[in-house]
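See below for the structure under consideration.
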Amino acid sequence: MKPMQPVRGTADLMPRQKSQMNIILQKASTVASRYGFQDMETPIFEFSEVFSRPLGESSDVVAKETYSFQDRGGSSLTLRPEGTASVMRALISNGLTQSLPQKFYYGGPMFRYERPQKGRMRQFHQIGCEYIGSFNPLADAEVIGCATQFLSELGVFDTCILHLNSLGDAESRDDYRASLVAFLSNYKNELSIDSQRRLNENPLRILDSKADEDREIIKDAPRLPAFLTTQAKHHFEQLTNALDKAGINWQLDTNLVRGLDYYSHTAFEFITDALGSQGTVLGGGRYDGLSAMLGGPDMGAVGFAAGVERLALLIEKNEEFTYDIAVVIVDDEVASDGFALAQNLRLQGFKTDIPMVPQVGKKLKRASLIGCELSFIIGKNEIKSDTIQVKIMTTGEQKQIGISQVISFATKFFKRELESNFSE
RNA sequence: GCGGGUGUAGCUCAGUUGGUUAGAGCGCCAGUUUGUGGUAUUGGAUGUCGCCGGUUCAAAUCCGGUCACUCGCCCCA
């Protein structure tokens with residue numbers, strides 16, 4: 001009973017879903033490579049500190065959403081809840097800090113113990129790009145440009161809006177946080193329960209609270225842009241100038257805050273309203289502090305990650321699997337001849353099936369069901385005369401051709417070189 | 001983790017104030033067609049009514065629990 005259903009928050013990728021996923025992954029990797037992001041992959045689990053240090057022990061992701069366990073050697077390991085920390089760790093582990101910048105593309109499963117909802121799974125998939133080793137705002141622009149092109153080529157860009165914000169450098173952020181906490185403390189009892197908690201844990205988060213009472217208070221709260229240092233402002237301006245010049249539309253969203261601790265300066269999200277409360281389809285930002293948290297040198301980095309399942313919900317595309325050719329074996333005595341023919345066709349690159357149902361009629365029925373455009377019918381009579389029957393499934397036309405012409409016939413047919421199907 | 005909704009055939013869903021053999025469409029299988037599919041026509045099978053317990057003469061229907069899905073919150077991709 002129990003074993004017959006998948007673990008909560010996991011899902012099988014049946015051919016339809018898998019093909020949809022493949023479309024997304026292929027598009028992501030193709031677009032990323034145009035920007036120089038090279039495909040790489042890290043293990044799906046790491047020492048727990050890889051995530052707990054940079055994400056912050058108190059962050060929800062680490063505090064209650066990680067799948068952690070001890071291995072037989074007693075090490076505390078964690079299934080990765082996101083990709084950036086792993087990629088940064090890999091870069092440091094592999095000594096690449098000596099040859100910066102590095103640009104990586106990755107994709108794969110991530111794990112978070114959350115209450116599942118549409119577009120939110122316990123095992124889900126992300127693709128992402130990381131531009132590591134540059135403080136230049138143009139790197140931010142490159143990352144956002146890549147994300148934009150990816151979404152656009154997938155055909156989901158129109159349903160999303162690019163929200164952009166600057167969190168400023170550490171100095172700006174600390175100043176602002178202090179001022180915000182001071183302001184909100186005056187209204188402590190009027191804030192929602194959640195936000196009263198957030199006041200201690202992650203006050204910036206209150207800015208995008210959905211509770212009405214919070215929104216009312218936030219209206220008059222100090223705004224982050226006013227606290228940006230001149231350097232931080234300059235960084236943001238250079239980025240937005242670049243985006244504007246390239247015709248990439250964006251929208252300032254001063255309430256946009258990244259959930260994870262290591263972000264600074266640029267934060268952005270592509271948000272759709274088509275997915276309810278899981279509207280963030282792709283998100284990212286600058287994380288200059290991450291390397292140092294993991295014991296690496298001080299260096300700048302920007303990146304994004306996109307949720308594959310969420311993207312899949314936005315696209316209809318998928319490729320139905322179809323065969324090209326069916327080999328219909330009429331008599332059991334010629335089964336080996338049928339197999340040899342099918343095998344030959346496959347060697348030539350044709351997707352070929354041998355329908356394994358009784359009776360010729362059902363074999364042909366099967367052939368049309370699985371999308372064959374051609375059926376090659378082979379029986380005792382055909383073998384005797386070194387011929388086969390060719391049936392064109394779309395028109396129903398049928399004729400006899402020599403067995404030696406089968407490959408050339410199929411080749412011509414699928415190249416659509418024949419004027420009328422039977423003229424040669 | 002908190003709150004709301006849903007759970008009937010492979011799929012989409014009906015099922016009256018509790019009432020006796022639980023239905024439709026699509027799909028599937030078979031016949032009309034023993035070496036010829038699609039269309040048509042005839043027939044057939046769909047099933048632990050999510051699971052466990054309770055109330056009742058009687059439960060798909062009411063109650064409790066549980067599991068799963070779903071929506072919102074939290075959080076995030």
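What you are looking at is a predicted structure, and each value in this text was computed from that prediction instead of being measured. The figures here come from the full heavy-atom set of this structure, side chains too, leaving out hydrogens, waters and symmetry mates. Here is how names work: the chains are called A, B, and so on, in the same order as the sequence lines, proteins then strands, and each is numbered from 1.
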Across all strands, who's sitting opposite C13(B) as a Watson-Crick or G-U wobble pair, both distances under 3.5 Å?
G23(B)
Under a 4.0 Å heavy-atom criterion, the protein footprint on nucleotides 31-40 of chain B, written with B, S and -, is S---BBBB--
Is there a donor-acceptor contact under 3.5 Å linking the side chains of Ser192(A) and Glu213(A)?
no
Nucleotide opposite C2(B) in a Watson-Crick or G-U pair, distances under 3.5 Å
G72(B)
Name all pairs fulfilling the side-chain hydrogen bond (donor to acceptor under 3.5 Å, both in side chains) condition that reach into residues 119-135 of chain A, sequence neighbours left out, sorted by first residue then second.
Thr84(A)-Glu130(A), Tyr106(A)-Glu130(A), Gln117(A)-Arg120(A), His125(A)-Glu309(A), Glu130(A)-Tyr287(A)
Can you pull out every side-chain hydrogen bond (donor to acceptor under 3.5 Å, both in side chains) where at least one residue sits in residues 325-345 of chain A? Sequence neighbours excluded, please.
Gln343(A)-Arg346(A)
Residues two or more places apart in sequence or in another chain: which of them pass ring-ring contact (aromatic ring centres under 6.0 Å, His included) with Phe339(A)?
none
Closest nucleotide of RNA chain B for Gly284(A) versus for Gln278(A): which of these residues is on the 5' side?
Gln278(A)
Give one of base, sugar-phosphate or nothing for Ala367(A), where a contact means two heavy atoms less than 4.0 Å apart.
nothing
I'd like the C1' distance from U34(B) over to U20(B), given in whole Å.
46 Å
Touch class at under 4.0 angstrom, heavy-atom based, for Gly128(A) against every strand present:
nothing
Polar atom pairs (N or O), protein with nucleotides 7-13 of chain B, under 3.5 Å:
none

With sequence neighbours left out, write down each residue that passes ring-ring contact (aromatic ring centres under 6.0 Å, His included) with Phe111(A), or none if nothing qualifies.
none
Under 4.0 Å, heavy atoms only, any strand: does Gly83(A) hit a base, just the sugar-phosphate, or nothing?
nothing
N/O donor-acceptor pairs under 3.5 Å from side chains in residues 359-368 of chain A, not counting sequence neighbours:
unit_1: Lys363(A); atom_1: NZ; unit_2: Val357(A); atom_2: O; d: 2.9
unit_1: Ser368(A); atom_1: OG; unit_2: Leu364(A); atom_2: O; d: 3.4
unit_1: Ser368(A); atom_1: OG; unit_2: Lys365(A); atom_2: O; d: 3.0

Pairwise salt bridge (Lys or Arg N to Asp or Glu O under 4.0 Å) hits with a residue in residues 35-46 of chain A, at least two apart:
Glu46(A)-Arg89(A)
Centroid-centroid distance, Tyr113(A) to Tyr67(A), less than 6.0 Å
yes
Distances for protein N/O vs nucleotides 1-6 of chain B N/O pairs under 3.5 angstrom?
unit_1: C2(B); atom_1: N4; unit_2: Arg115(A); atom_2: NH1; d: 2.9
unit_1: G3(B); atom_1: O6; unit_2: Arg115(A); atom_2: NH2; d: 3.3

Residues pairing under ring-ring contact (aromatic ring centres under 6.0 Å, His included) where one sits in residues 188-212 of chain A, two or more places apart or in two chains, turn out to be none
Which residues satisfy the ring-ring contact (aromatic ring centres under 6.0 Å, His included) test with Tyr323(A), sequence neighbours excluded?
Phe321(A)
Please collect all salt bridge (Lys or Arg N to Asp or Glu O under 4.0 Å) contacts where either partner lies in residues 157-167 of chain A, sequence neighbours excluded, each pair once.
none
For G47(B), the nucleotide meeting Watson-Crick or G-U wobble distances (both under 3.5 Å) is none
